[in-house]
Structure formats: C-alpha cells, structure tokens
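Step one of this worksheet: look at the structure below.
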Amino acid sequence: MSEDRIIKLEHLSKKFQIKGTEVTAVDQVDLEVGRGEIFGIIGFSGAGKSTLVRCINLLERPTEGAVYFDDTDLMSVGQAELKKIRQKMGMIFQQFNLLEQRNVIDNVCYPLEIAGVKKAERLERARELLKIVDLSEKEKAYPSRLSGGQKQRVAIARALATNPEVLLCDEATSALDPITTKSILELLKKINQDYGVTIIVITHEMKVAERICDRIAVMSEGKVVECGAVKEIFLNPKSDTARRLILSDDQIDESGQGRKVLRIAFDGQSSFEPFISSMTVHTGIMINILGANTENIGGKAYGQMLIEAPKEEASLQKIKEFLTEKGIYFEEGGKSA
Amino acid sequence: MTQELWELLGKGILETLYMVLVSSAVAYVIGIPLGVLVFVTDTGGICRNRAVNFIFGGIINLVRSVPFLILLVAILPFTRLVVGTTIGSTATIVPLVAAAAPYVARMVESSLKEVDHGVVEAAQAMGSSNFQIIYKVLLPEAKPSLVVGATISLATILGYSAMAGFVGGGGLGAIATNYGYYRYDSETMLITVLLLVLIVQLFQEVGLRLVNHIDKRIK
Ligand SMILES: Nc1ncnc2c1ncn2[C@@H]1O[C@H](COP(=O)(O)OP(=O)(O)OP(=O)(O)O)[C@@H](O)[C@H]1O
Ligand SMILES: [Mg+2]
C-alpha cells in the first residue's frame with residue numbers, strides 16, 4: 001500500500017491569527033491519498049477544506065504536521081525544489097483564475113513558459129491539451145468571452161500542461177450549473193482514467209463526491225470526522241456531518257419535528273418510480289416522502305430518500321419487510337439513528 | 001495677435017511636452033519598481049516584508065506630502081548639481097521627477113491591487129517565482145489600469161510643470177506667468193490655459209483609446 005500512496009498528511013494543523021484570536025482551520029488531520037484515485041474532501045462551508053488542500057501544495061504553510069508528496073517531505077524542501085514539485089501538482093479553483101489579459105492558448109502556455117519549455121513545443125502541447133478539454137476552436141478567445149464551463153476547461157488544460165501527477169480541485173464546479181458540472185466532472189473522470197492523474201476534489205456537495213470520487217474524507221471544524229469509500233459513507237454515514245451532507249440541510253429541518261423517519265438509500269437496485277408505487281401497492285400504505293435526493297441513471301435509482309414512517313408498528317414493520325425483501329438499504333430516524 | 005506670439009506659444013507647447021514627457025518617462029522608470037516593491041511587500045503580498053514596506057512607503061508618503069512648489073525650491077541645490085542650472089525646462093525636469101515618481105508609485109500600486117488575488121495564487125500553485133509573478137502576471141494583468149493611471153499622472157505632471165513656470169521653469173506655464181501675471185495680458189494667459197487644457201484632453205483621449213485597445217476584458 002505504501003508505494004501506492006502519492007500524498008500523505010500527518011497530524012496536519014493550520015492555525016490563523018486574526019486580531020489576537022486564533023482560528024484552527026485544520027486540526028490534526030491524517031490522510032493518505034492513493035496514486036491514481038479520485039479522492040474527495042467534503043464538508044460544509046468553513047470546515048477547512050480549502051485550507052487543507054492549500055496545505056498540500058504549501059500555498060498555505062501548515063503550523064504543525066507534515067505533508068509528503070511521494071516520499072518527499074514538502075516542509076523540508078527549499079523554494080526551488082518546491083516550485084518543481086508544484087509543477088507536478090496542478091490546481092483548479094472555483095473562480096477559474098485565468099489570466100484575463102491572455103487568450104486561451106497563452107493561458108495554457110503559462111505554466112510551460114515558467115517551466116522553461118520552448119515556444120514551439122509549448123504551443124504544440126497547449127493545442128494537444130485544448131483538444132483533450134474539447135476547446136480547440138477557442139484557442140484565440142479571451143477568457144471574458146468564455147462561459148463558466150469553458151473557463152474551467154481552460155483552467156483544467158492549464159493545470160495539466162506540465163503533466164502533473166496530482167490535480168487539486170477546490171470547488172471546481174461550485175460556480176457552474178448542474179449540466180456544466182456534470183460535463184466537467186466527466187472530464188475530470190476521463191483525465192483520471194486516461195492519464196492516471198490522481199485527483200483531489202474539494203466540494204460541499206455530496207452529489208459531486210458520489211459522482212466521481214473513489215474515497216472521501218468528511219471534514220467538520222477542521223477535523224476529518226469520517227473517511228472511507230464513497231459508497232460506504234453514502235449508504236452508512238457514521239458522522240452527523242456526513243448524514244447532513246447526504247441530505248441537504250432543508251430536508252433535515254423538515255424531518256426534525258419528532259416524526260419517525262426512514263432513510264432509504266438507493267444504490268442502483270431498482271428505479272425510483274416503480275419502487276414507490278410497488279411499495280404503496282404491496283403494503284397498502286400511503287407513503288409520505290419528506291425529501292429525496294435521487295437520480296436516475298440508465299433506469300436505476302441512485303441517491304437518498306427520506307420517508308415519514310407510519311406511527312403504527314405493524315405498518316412500519318410491513319414497510320421494513322418490503323425494503324428488506326427488495327434488498328434496499330434503510331435506516332430509522334433521519335437525524336440521529 | 002502677432003506672429004511673434006504664436007511662435008512663442010509654439011515653443012511653449014514644445015517645451016511643455018518635452019518637460020512632461022521626459023519627466024513622466026523617468027518618473028515611471030523609478031515609480032514602477034517602487035510601486036511593485038511596496039505592493040509585494042505589503043500585508044498579503046507575495047513577499048511580505050514589513051521593514052522594506054515601511055521604509056519605502058514612508059519615503060513615498062513623505063515626498064508626496066510636500067507641496068510641489070516647496071519641493072521644487074527645496075531641491076534647488078540638487079537640481080543645480082544635476083543639470084548645472086535651476087532655470088528653464090531641463091532644470092524643471094528634476095523637481096518634476098522628484099514629485100512625480102512617488103505619485104506614479106502609488107498609481108502603480110493601486111493598479112496592482114486591482115489584480116485578482118486568485119490569479120496570483122494560481123500562478124504560485126503552478127510554481128512561478130515571485131519575479132515571474134511580477135512580470136508575467138501582475139504587470140500584464142494590470143496593464144489597462146496602469147495605462148489609465150498613466151494618463152492621470154501625465155495630467156498631474158502637466159499641472160506641476162505649469163506651476164514650475166512661476167519660478168523660472170519653461171513652457172506654457174512660464175508664458176502664462178510672464179504675460180498674465182506680470183504684464184496683465186489676460187488674453188495671452190487665457191490662450192495658454194486653453195492650450196494646457198487641450199493637451200490634457202489629448203493625453204486623456206489617447207490614453208483611453210489605448211486602454212480600449214489593449215484591455216481584453218471588454219469588447
Ligand atoms: N487566510 C486566512 N486567514 C484567517 N482565517 C482563515 C484564512 N483562511 C481560512 N480561514 C478560516 O479558516 C476556516 C476554514 O476556512 P476554509 O476556507 O478552509 O473553509 P472551506 O471548508 O474551504 O469553506 P468554503 O466551503 O466556504 O470554501 C474558516 O473559519 C476561515 O475563516
Ligand atoms: Mg473553500
């Protein structure tokens with residue numbers, strides 16, 4: 001396993017001093033990211049995700065702990081070495097951060113320029129990358145003329161220019177609409193599969209993590225409260241944060257009023273619609289759906305649903321039996337089962 | 001109006017342009033590095049350095065707070081040392097540069113502040129050195145704003161140069177002073193003032209056109 005990991009964080013902490021008070025943005029985090037995996041860091045706003053990811057390429061210097069890239073202890077290398085290492089770690093941002101006064105191809109050329117690659121070679125590589133992100137025809141366009149999705153594609157091409165081994169994505173899709181988000185996530189997945197780039201995805205959306213991550217770490221108040229395979233956590237969240245992330249906040253409020261709630265997780269066993277109707281038919285009980293966060297992929301349902309459980313024990317039993325029979329995962333009590 | 005007067009005004013225009021353009025050029029040669037220096041050493045800058053920032057920021061503020069005419073008089077010995085005289089347009093360039101360089105430095109600094117910090121961060125994440133960030137990111141990204149700043153600086157320096165005319169400088173300011181102030185020839189003074197206004201307008205016009213041309217964010 002150890003030769004398979006590319007990044008390792010050891011007891012990593014980052015504290016900020018703001019006007020005399022100390023804020024612990026990252027608190028004693030231990031993480032290992034395997035080579036070639038898509039690793040998610042998920043948490044609510046202010047959890048410390050950005051700070052954590054910025055510690056990985058030392059944009060933020062940890063106050064405590066160590067960061068290893070391969071076997072190099074980043075805290076111990078000099079500036080020159082650090083620059084070389086940063087060229088092996090691409091990064092993309094929520095706000096794209098393109099150079100506004102450079103056109104698309106010159107943006108992609110930038111990292112090659114500073115890496116000292118010759119002009120002809122730079123252009124060739126940049127064109128190759130624009131092809132990968134499907135933006136060849138926008139070569140001469142300036143960022144202000146591009147849509148958000150196109151800007152992020154340019155940013156991805158730019159981040160990949162120096163053939164990095166790792167790509168850090170800080171809320172890369174948070175400024176994009178759902179359809180564009182989907183296409184960017186597909187692109188990231190493709191890059192991971194075709195080029196073996198390890199990807200670290202920061203997000204506050206469980207949907208994003210579910211779609212592309214192999215493993216995730218759930219963060220809350222600077223700590224990693226849960227870490228594991230995305231499917232595992234999705235189906236069986238152990239931390240309150242993970243639970244709340246899986247269901248969006250408003251859904252939990254709706255269910256929080258002392259009602260008995262069943263949480264049902266779909267993992268592609270059956271499709272959503274027939275499931276509801278057949279449950280109603282089989283049990284003879286009208287189901288009150290409190291909230292759902294599901295998606296149909298190829299006729300299969302993935303996601304979460306909260307239903308109001310019947311008060312009578314017999315009806316509840318019927319529903320549980322039905323779910324068990326269908327092999328669908330469920331859990332009682334929405335907030336803290 | 002006489003042929004003689006027109007020749008005088010023509011010479012005045014050329015002198016004014018000479019003083020303003022040369023001193024602006026020198027002021028920028030000093031002001032750009034100075035502005036960059038205070039920007040990057042400031043809190044949140046890419047190479048934060050309290051001491052350097054304090055010293056250079058202090059010098060800028062000090063010179064900026066001295067009224068131009070006083071500055072001009074105060075550095076007369078230095079001017080004589082550099083140019084050999086304290087009268088005429090070439091001699092005026094020295095105090096103009098002294099007053100304009102810190103002004104330009106602040107203009108440059110404020111243009112650099114407009115550059116989105118995220119872009120700088122992205123450049124750092126790609127492994128740029130501080131020097132590369134300055135000349136490949138900060139200055140190019142701030143270019144349109146720098147040009148706007150330059151047109152404002154030019155107008156300010158033009159104003160200084162006219163003031164210098166009062167105490168022996170050349171150019172249109174000297175003509176306005178000699179004719180308007182000492183000889184009560186308000187017509188000639190009015191003409192020189194109009195010419196000064198026209199030159200400012202010209203700078204503005206050229207500057208704004210240039211900005212529209214180079215700024216890739218609009219259009
Ligand atoms: N440069 C800084 N100076 C001071 N405090 C900071 C700084 N950066 C982050 N923090 C603080 O650290 C905590 C974590 O911030 P961080 O940006 O890492 O959270 P996040 O999980 O990325 O949130 P979001 O989803 O909103 O981006 C917050 O309380 C924030 O105020
Ligand atoms: Mg963040």
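Lettering follows sequence order; numbering is per chain, from 1. No hydrogens, no waters, no symmetry mates; every other heavy atom, side chains included, goes into these values.
A donor atom on one side chain and an acceptor atom on the other are not found under 3.5 Å apart for Tyr103(B) and Ser153(B). Between the side chains of Tyr18(B) and Thr90(B), at least one donor N or O lies within less than 3.5 Å of an accepting N or O. Between Ser111(B) and Glu114(B), the side chains place no donor N or O within less than 3.5 Å of an acceptor N or O (distance only, hydrogens not considered).
Residue Phe16(A) qualifies as enclosed at atom CZ: its count of foreign heavy atoms under 6.0 Å is above 12.
Of the two parts of Phe96(A), neither the backbone nor the side chain holds a non-hydrogen atom closer than 4.5 Å to a non-hydrogen atom of chain B. Lys143(B) does not touch chain A: none of its heavy atoms, backbone or side chain, sits under 4.5 Å away. Of the two parts of Leu82(A), neither the backbone nor the side chain holds a non-hydrogen atom closer than 4.5 Å to a non-hydrogen atom of chain B. Both the backbone and the side chain of Leu99(A) come within contact range of chain B, with heavy atoms under 4.5 Å apart. Using a 4.5 Å cut-off between heavy atoms, Gln95(A) does not touch chain B at all.
In this structure, the separation between CD1 on Ile175(B) and NZ on Lys11(B) is 7.5 Å, given to the nearest 0.5 Å.
For the set Lys88(A), Glu100(A), Glu113(A), the entry with the most heavy-atom pairs within less than 4.5 Å of chain B is Glu100(A).
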